[in-house]
2 protein chains.
Amino acid sequence: MEDRYEGLKLGNQLCFPLYACSREIVKKYKPFLDELDLTYTQYITMMVLWERGQINVKELGECLYLDSGTLTPLLKKLEMKGWVTRQRAKDDERVLIVTLTGEGRKLRERAAEVPAKMSCCVKLSPEETQTLYSLLYKLLGDCC
Amino acid sequence: MEDRYEGLKLGNQLCFPLYACSREIVKKYKPFLDELDLTYTQYITMMVLWERGQINVKELGECLYLDSGTLTPLLKKLEMKGWVTRQRAKDDERVLIVTLTGEGRKLRERAAEVPAKMSCCVKLSPEETQTLYSLLYKLLGDCC
DNA sequence: TAAAACAAAATTGCATGCAATGAAATTGTG
DNA sequence: CACAATTTCATTGCATGCAATTTTGTTTTA
């Protein structure tokens, strides 16, 4: 009577392909991001900043599903590279505002090539990609 | 002409929901795995061992998409907890064989509850879950 | 208004992940 | 057979992730 363990198989839990896929895709980014001197997490942080120009740590954390324990050291590194500045909000000293610099904005030019370079190694049809995309956001929204 | 940056938006790249979803789901497991004194990575390692009883590090790495840099310290921890043993293969000393212990097998009893507990926080229909599942494995197989 | 409650970041400690390198054993080759 | 190439695992170094705690600042409340 092995049935009671059926759900415990690696192949029967959604979490595993999610986990594995996520890491494998991030790994695919590495050669492209290395050229920009960015890690994957730094890259998605810069994506937010390229769109918004400025954001505080709390909001950034909500965008990326990351907390200050991860973001604080990461943002210090981006600051050292000269791509962002970090300063306290004048009206509320608790809040740290991260601002894209001119150099940071320049990086966007080179980063603009990355999505196209990546897309060719995703072997799903546009419809499949769209479906996957919707399901992931549904999962992210409902459960997480 | 912002179009040239369209692909750079966080919401337009498959990688991001994958990455975020994976971490959020793993986080959901934490309270259940804490009860078993397992981390998520230790949990999926034990799942392989519960199915196979014995496996070497190379094959385990292929199953989990992890390398020895991650697995070696993790397996030492599982060994210290008494759930696995680690010994070299007699016919090839390079190979390290990981074997489930009696105690390790007992843990399966308690772990058998985990998938059911988790499933109720995944708000996708069975069809959607199946679709997501297939697409993830397709992506994992083709591209990764 | 003083103290308590709350909020936002920073810090700390631990466990991954992973690239790069090293060490030991095995295999292939001239 | 000797030795180079390969294979397998271990080690090292760095960058996350994240829970828990601390620090600093703001808001609420008695």
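Note on naming: letters A, B, ... go to the chains in the order of the sequence lines (proteins, then strands), and numbering restarts at 1 for each one.
The closest side-chain donor-acceptor pair between A:Thr101 and A:Glu103, if any, does not fall under 3.5 angstrom.
Inter-residue side-chain proximity for A:Arg4 and B:Glu113 is flagged as met; some heavy-atom pair is nearer than 4.5 Å. Side-chain contact between B:Val84 and B:Thr99 is absent, with no heavy-atom pair separated by less than 4.5 Å. A:Gln42 places none of its side-chain heavy atoms less than 4.5 Å from the side chain of A:Leu36. At a threshold of 4.5 Å between non-hydrogen side-chain atoms, the residues B:Leu38 and B:Trp83 count as touching.
Atom CG in B:Leu60 sits roughly 14 Å away from atom C1' in D:dT8 (whole-Å rounding). Between B:Lys77 atom NZ and D:dA10 atom P the separation is 14 Å, expressed in whole Å. If you take CG of A:Asp92 and C1' of D:dT27, they are 10 Å apart, rounded to a whole angstrom. To the nearest angstrom, P of D:dT8 lies 18 Å from CD of B:Gln87.
Residues from residues 68-75 of chain A placing a heavy atom under 4.0 Å of any atom in DNA chain C, listed by number, are A:Ser68, A:Gly69, A:Thr72.
A tilted orientation is assigned to the rings of A:Tyr29 and A:Tyr43, their planes being inclined by 30° to 60°. Between B:Tyr40 and A:Tyr19, the ring planes are perpendicular. Angles over 60° get that label, and only those under 30° would be called parallel.
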Worked check of salt bridge (charged side-chain N to carboxylate O under 4.0 Å, His left out) between A:Glu79 and A:Arg86: CA-CA 7 Å; A:Glu79 185 181 41; A:Arg86 297 163 66 246; 3.4 Å; yes
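At D:dA19, none of the side-chain N or O atoms of B:Arg23 fall inside 4.0 Å of OP1 or OP2 (strictly under the cut-off). Using a 4.0 Å cut-off, no side-chain N or O of A:Arg94 falls inside it from OP1 or OP2 of D:dT22.
Nucleic acid contact class of A:Asp67 (heavy atoms, under 4.0 Å, all strands): base.
Taking OG1 of A:Thr131 as the start and CG of A:Leu124 as the end, the distance is 9.5 Å to the nearest 0.5 Å.
Of the two residues contacting DNA chain D, namely A:Glu93 and A:Tyr40, the nearest-nucleotide position lying further toward the 5' end is that of A:Tyr40.
Of all nucleotides in DNA chain C having an atom under 4.0 Å from a heavy atom of chain B, the first and last in 5' to 3' order are C:dA15 to C:dT26.
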